[in-house]
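Letters A, B, ... mirror the listed sequences (proteins, then strands); counts begin at 1.
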Amino acid sequence: MKAQCNTDKCIYCGACVGVCPVGALTLDETRIVIDKKKCIGCGACAKICPAGAMTVKEGE
Amino acid sequence: MFEKTDYDVVIVGGGPAGLWSARKFAEEGLSAIVIDKKQEIGVPVRCGEGLGNTWFNRLNLTPDPDWAVQEMYGAALWSPSGKKLEIRFPEVSGYLLERRIFEKDLARRAARAGAEIVTKTYVTDAIKEGTFARGVKARMQGEKVEFTGKLVVAADGFESTIGRMFGLQNQQTLYHSDSGYEYEMAGLKMDDPDLIHLYFGNEVAPRGYVWIFPKGKDYANVGIGIGADNPKTAKYYLDKWVNSSPVCKGASIVQVNGGGIPVGGMLKNMVGDGIMLVGDAAHQVSPIHGGGMGLAMEASNVMVEVAAKAIKAGNVSEAALSEYNTTWWNLRGYELEKLVRIRQLFEKLTDKDMETFAAAFTGPELLKFAYSDKITSAALATTKLIKHPSLLKLALKYLDADPKE
Ligand SMILES: Cc1cc2nc3c(=O)[nH]c(=O)nc-3n(C[C@H](O)[C@H](O)[C@H](O)COP(=O)(O)OP(=O)(O)OC[C@H]3O[C@@H](n4cnc5c(N)ncnc54)[C@H](O)[C@@H]3O)c2cc1C
Ligand code: SF4
Ligand code: SF4
């Protein structure tokens, strides 16, 4: 299970970054970057995401 | 090109906390730089833009008509069934800001005092010397840059990553976070744009509320904050509300924004060797209403005072900086912790309980409680809540008062 960001929905608010327990997410100048190696699939980012852009799905 | 630049203080984040701190450091005679990844200071706005008068007084801040665009005279609280509890003051109680312009003004004032600011510069890594923070690495419009200093300040908001780079665990829990979503709307039909309007209910905004913060007679921020662990999104609830509200009928959305809001879990420790946290990065936000601009600037005052002393004494160790923890907690932390309890009481209420509360208090009574240090059972018993023993008991449990008092 890994986090995935739908950039069509994302408003670049950074809420997901603030609750990721392992620091797998960053919001740089323009986009959300997911470090899939760090992600533990906990789903916190998807829960807080106000726009429904973040989901946690089966993945590599 | 690999540039190297050295300052007394390197501040990451150019929001209210970072910009206010930069000016304060400059006024202390210290060199400071604010680094922000944004292309433009103040944009995007992630905020309802309300700031109460208390803050103008506490911060010695004069409302400037360039950014304090609308006067507020109080609040209307709406129960789930549509009952209104009105708190109206004879005088201005706060302002709606054009935060874009407010932050630009903070930046101008910081620059005028001698601080530097860089934008579109993203901090990627920590620079350490032993256990001490010594600066940050950043990419500045395609170039790699290092900023070094005697002290690093992480004023990088809810999304803070800088603290963690230096070993301070300041990520937020879902339980103590709100998920916020907001529209700036034009063409609204508001009856009473002198008040902020807050709408409550477990179907409206679970563990939070919908707000209308008027910025003009038909123009407002319409937003929502809900508990972050809710399975549905803040957008879902806000859209539902906007689509059914007569106020919003036919109005247009001219801006979408949102963000995470720390509504609890204030950090007991906000310092390490050569590093300090401030603002949202230190969870310095009201657990009740999610306002954080005023607290961020006030905490900056406390932080800078301790930091400037430490830098001038040549000792920025965790021990030397920890005075910031004690001073801020005594000034504001314990007070905010009490508000977390009130938030937790609010979380327990059903819609029916909210109706009972709405019917039990008058506006002035509610105000009296909001401003009292300790809510006693004797005081609560003077309200109509006395007729609802189970709610009274619940209220007293969370308000930390002894039911037998
Ligand atoms: C929907 C919503 C409504 C709100 N409404 C209100 C309100 O009405 N009134 C109120 O007082 N408060 C409100 N708040 C809270 C308020 O917005 C925050 O408390 C306030 O912005 C905190 O200021 P800050 O300076 O700590 O952080 P921020 O304003 O978040 O600033 C942090 C800055 O750091 C920068 N940054 C982060 N990481 C990096 C990096 N790696 N490199 C470079 N730069 C970086 C960001 O770009 C940002 O500019 C609201 C919040 C939300 C989400
Ligand atoms: S699923 Fe959990 S670990 Fe993965 S990015 Fe989201 S918050 Fe981080
Ligand atoms: S919380 Fe959602 S909308 Fe906000 S930055 Fe993360 S993915 Fe994007």
Side-chain angles (χ1 to χ4, degrees), chain A, chain B residues 36-39 44-47 119-124 138-142 156-161 163-165 169-182 223-239 255-262 280-281 283:
Chain A
M1 300 284 276
K2 299 286 171 186
Q4 247 171 53
C5 175
N6 178 341
T7 51
D8 290 345
K9 291 186 181 176
C10 178
I11 55 166
Y12 308 104
C13 71
C16 52
V17 180
V19 295
C20 178
V22 296
L25 300 172
T26 42
L27 175 60
D28 68 12
E29 300 92 321
T30 51
R31 74 213 153 105
I32 284 288
V33 181
I34 305 169
D35 184 340
K36 300 249 162 149
K37 284 204 282 300
K38 280 192 189 163
C39 175
I40 54 167
C42 72
C45 54
K47 280 217 172 106
I48 198 171
C49 178
M54 196 63 99
T55 46
V56 178
K57 290 211 175 92
E58 285 305 335
E60 75 296 349
Chain B
D36 204 298
K37 64 189 178 182
K38 288 173 176 172
Q39 205 160 314
V45 173
R46 292 175 195 154
C47 191
T119 51
K120 205 167 168 68
T121 304
Y122 178 62
V123 173
T124 53
R139 56 173 192 252
M140 185 182 201
Q141 296 145 48
D156 53 338
F158 185 85
E159 63 191 285
S160 180
T161 52
R164 286 189 244 181
M165 284 178 196
Q169 296 307 316
N170 66 331
Q171 65 266 42
Q172 185 54 294
T173 59
L174 279 181
Y175 176 62
H176 282 312
S177 301
D178 271 4
S179 172
Y181 203 70
E182 185 179 67
I224 191 169
I226 63 169
D229 41 15
N230 194 286
K232 293 205 178 85
T233 64
K235 180 181 190 303
Y236 164 84
Y237 284 103
L238 183 62
D239 284 342
Q255 191 201 145
V256 181
N257 69 65
I261 310 169
D280 275 16
H283 311 163

Trainee: For the OG1 atom of B:T233 and the NZ atom of A:K47, what is their distance to the nearest 0.5 Å?
Mentor: 14.0 Å

Trainee: How long is the gap from CG on A:L25 to CD on B:Q171, to the nearest 0.5 Å?
Mentor: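 Rounded to the nearest 0.5 Å, the CG-CD separation comes to 11.5 Å.
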
Trainee: In terms of heavy-atom pairs under 4.5 Å with chain B, which of A:A51, A:G52, A:G43 leads?
Mentor: A:A51

Trainee: Out of curiosity, A:C49 SG to B:K235 NZ, how far, rounded to the nearest 0.5 Å?
Mentor: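 A:C49 SG to B:K235 NZ: 11.0 Å, rounded to 0.5 Å.
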
Trainee: Could you tell me whether A:E29 and B:R139 have a side-chain N and a carboxylate O separated by less than 4.0 Å?
Mentor: yes

Trainee: Name the region of B:N230, side chain, backbone, both or neither, that has any atom closer than 4.5 Å to a heavy atom of chain A.
Mentor: backbone

Trainee: Is chain A contacted by the side chain of B:D178, its backbone, both, or neither, given a heavy-atom distance below 4.5 Å?
Mentor: backbone

Trainee: Just checking B:Q141: does its CD atom have more than 12 heavy atoms from other residues, nucleotides or ligands closer to it than 6.0 angstrom?
Mentor: yes

Trainee: Kindly determine whether B:F158 and A:I48 satisfy side chain to side chain contact (heavy atoms under 4.5 Å, CB included), including the steps that lead there.
Mentor: CA-CA 12 Å; B:F158 185 85; A:I48 198 171; 3.8 Å; yes

Trainee: Can you name the side-chain contact (heavy atoms from CB on, under 4.5 Å) partners of A:C42, sequence neighbours left out?
Mentor: A:P21, A:I40, A:A44

Trainee: Using a 4.5 angstrom heavy-atom cutoff, name the option from A:A46, A:C16, A:G14 with the most pairs to chain B.
Mentor: A:G14

Trainee: Can you give me the closest heavy-atom contact between B:Y181 and A:I11, atom names plus distance?
Mentor: CE1-CD1, 3.6 Å

Trainee: Please look at A:L27 and chain B and tell me whether the side chain, the backbone, both or neither of the residue comes under 4.5 angstrom of a heavy atom of that chain.
Mentor: both

Trainee: Taking all non-hydrogen atoms of both residues, which atom of B:G259 and which atom of A:P50 are closest, and how far apart?
Mentor: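 B:G259 and A:P50 have their closest heavy atoms at N-CG, 4.2 Å.
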
Trainee: Using a 4.5 angstrom heavy-atom cutoff, name the option from B:G227, B:G260, B:A281, B:S179 with the most pairs to chain A.
Mentor: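 Of the options given, most contacts go to B:S179.
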
Trainee: Measuring only between side-chain heavy atoms, which start at C-beta, is B:T161 closer than 4.5 Å to A:V17?
Mentor: yes

